[in-house]
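Index from 1, following the sequence. Computed from heavy atoms alone, side chains included, the values below leave out hydrogens, waters and symmetry copies.
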Amino acid sequence: FIQAVLEDPSFVAGDVSTAFIDERPQLMHAHPSRDRGTKVLNWLADVTVNHPNGQPFGAINPALKLPEFDRLATPKPGSRQRLLELGPAGFAAALREQKALAVTETTFRDAHQSLLATRVRTRDLVQAAPAVARLTPELFSVEAWGGATYDVALRFLGEDPWERLAKLREALPNVAIQMLLRGRNTVGYTPYPTQVTDAFVREAASTGVDIFRIFDALNDVSQMRPAIDSVLETGSAVAEVALCYTGDLLNPAEDLYTLDYYLRLAEQIVESGAHIIAVKDMAGLLRAGAAEKLVVALRERFDLPVHVHTHDTAGGQLATLLAASRAGADAVDVASAPMAGTTSQPSFSALVAALANTERDTGFSLDAVSDLEPYWEAVREVYRPFESGLAGPTGRVYHHEIPGGQLSNLRQQAIALGLGDHFEKIEDAYAAASTMLGRPPKVTPSSKVVGDLALALVAADADPADFEANPQKFDIPDSVIGFMAGELGDLPGGWPEPFRSRVLEGRTVRIGVNEVSEEDQAALDGSPAERRDALNRLLFPAPTAHYAEVRESYGDLSVVDTIDYLYGLRQGDEHIVEIATGVNLYVGLEAIGDADDKGMRTVMATMNGQLRPVFVRDRS
Ligand code: 3PY
Ligand code: ZN
């Protein structure tokens, strides 16, 4: 099963937004239950035969690259203790008061979402967390959950996202954990009923999320209200509410996304009860001068602290963070240097170095920050097959405005469509699609709608002007029809007419969310375990069923090192899997037999010194 998934073109393209399993019912079949060691061995044997991720290439186990620190020492109290002590409003006020620029570390979420198709496993994150807690206890927060990580865990990693959060909470007792929440879309791609959002926020807060960064793809505050209210109701968690930045506010020709627009939006954010205002620059369009102007205006007008997030797609965003810092920004986002740059955030060590011995000195030891880099460099190397393929910065982002996380996916989709050599065509189509759809801010899920239209334009070799004039002549993606019908809310600049009417002509589109059934409501109000199961099922039904299958067939694979998990067994190596504390499996590869007439191979493995033949279907 997992091999079929791993080889599927959508999986290879890193497209996590398709209803992957829904469209492939043939992938679902039951496996008999087996004992733990045997289950793990079956996974390893299968990966060894089928090489879904290519051959191992001499990557180094990241665990060997962890910096030295005293594991037994209690980590210094940090932002987590401050939040517990001051409460969310006091915590935000203290942030606004502090002189040092506060820093959020995104390596655990956005950096790998934007560089490695969100594929970094819980094991590799949890392993780093105790070092982060002890070497960089001054962090404002670690962004470690939400966004695409939830979906990808269930869909591709055979992991329960809640287990990841619980483990990270335990490993990071002193630093606030931050998540990205897509307003009413929670961690999905379409709106969910308020009861789902509310249960989600309650469970996330009680499992370990301290700070919720909430955004709406169309900057519609009413769409964020249920999520904001739920966070406020916890009484303990911070509501950081984002304005999604797009366009260029310094451009005199800009008539929609102006400074005035952002200030009006911020006013609604403040009225909603937010504790912190986030400037969420998902595509890296916020230029240094614009950042200065925006941050100064936001801080003059409102009492809340301002937290700036950007992506370094064009390569200039350290300048933006420094300009924001000079303008008074209270916090900024960075990623560990080996996981920084291009579609990810600017580099942590570069920021610390740039501000050392200045008024806004971050207070971090540059040594401590860079001591963590070899670990993340090794992690990045292990996940090389999931690299986006963007070798360096690109200034074309100012034209196409594709967000960091999507740029890497679209490149892979272009390759899958045989357009890898003409990616500029897709970029141009994306820009045209954005204009046609009324210039929405482009961020999950509106970015997916624009991307779908761009790919449709290129696939049909359509002239955008022709498509705009006669959309009914073409195959219009369902997501575009739903978007024009208002599925994701109203557009900041109003509807594009007559295009919208032409798209909707003769169609009835049902929008609005289904009610939660009584049974589901009971589960959402039940024990934490029932609530988590219900949330997984309601948010991602097919990936949750897939997760259950993987767990049933292969057991808890979180015990397997990522090199072995991705690349399988190598002759001559002893693979050690700690299946329970202090209980090791020693696995070796003796030989792989030829495929029989049914395509089955025998993997002759050893487990704890005993020969163990495993029969594997060769799909390579
Ligand atoms: C997400 O929604 O996952 C994002 O990272 C948006 O920027
Ligand atoms: Zn981001």
For this session: Hey, could you give me each pair passing side-chain hydrogen bond (donor to acceptor under 3.5 Å, both in side chains) that has a residue in residues 97-107? Not counting sequence neighbours.
Result: T104-S141, T104-H307, E105-T107, T106-Q345

Problem set entry | By ring pair (Phe, Tyr, Trp, His ring centres under 6.0 Å) - contacts of F200 (at least two apart) | W145, Y150, W162

Exercise. Can we say E159 and K167 salt-bridge, meaning some charged N sits less than 4.0 Å from an Asp/Glu carboxylate O?
Worked result: no

Exercise. D124 versus Y383: any side-chain heavy-atom pair under 4.5 Å?
Worked result: yes

Problem set entry | Short side-chain to backbone donor-acceptor contact, T343 and S114, under 3.5 Å | yes

For this session: For the residue pair L390 and R411, establish whether any side-chain heavy-atom pair is separated by less than 4.5 Å.
Result: yes

Exercise. Should E203 and R532 count as an ion pair when the cut-off is N to O under 4.0 Å?
Worked result: yes

For this session: Please indicate whether E170 has more than 12 foreign heavy atoms, meaning atoms of other residues, nucleotides or ligands, lying under 6.0 Å from its CD.
Result: no

Seminar exercise, completed: ring pair (Phe, Tyr, Trp, His ring centres under 6.0 Å) filter on H112, not counting sequence neighbours, yields none

For this session: Measure from NZ or CZ of R119 to the centre of the six-membered ring of F156, then state whether that distance is under 6.0 Å and the direction lies within 45° of the axis.
Result: yes

Problem set entry | Electrostatic pair R184-D220, nearest N-O below 4.0 angstrom | no

Exercise. Any salt bridge between D216 and R182, counting N to O under 4.0 Å?
Worked result: no

Problem set entry | Sequence neighbours excluded, every pair satisfying side-chain hydrogen bond (donor to acceptor under 3.5 Å, both in side chains) that has a member inside residues 70-89 | R80-D210

Problem set entry | Where at least one partner belongs to residues 361-380, residue pairs that pass side-chain hydrogen bond (donor to acceptor under 3.5 Å, both in side chains), sequence neighbours excluded | Q127-Y375, S349-E373, R380-E387

For this session: Output the distance between atom OG1 (T258) and atom CG (L250), rounded to the nearest 0.5 Å.
Result: 11.5 Å

For this session: Just jot down the salt bridge (Lys or Arg N to Asp or Glu O under 4.0 Å) partners of D198, sequence neighbours excluded, or say none.
Result: R202

Exercise. Is a side-chain N or O of Y192 found less than 3.5 angstrom from the main chain of L539, in a donor-acceptor match?
Worked result: yes

Problem set entry | Salt bridge present between D333 and R213 (N-O < 4.0 angstrom) | yes

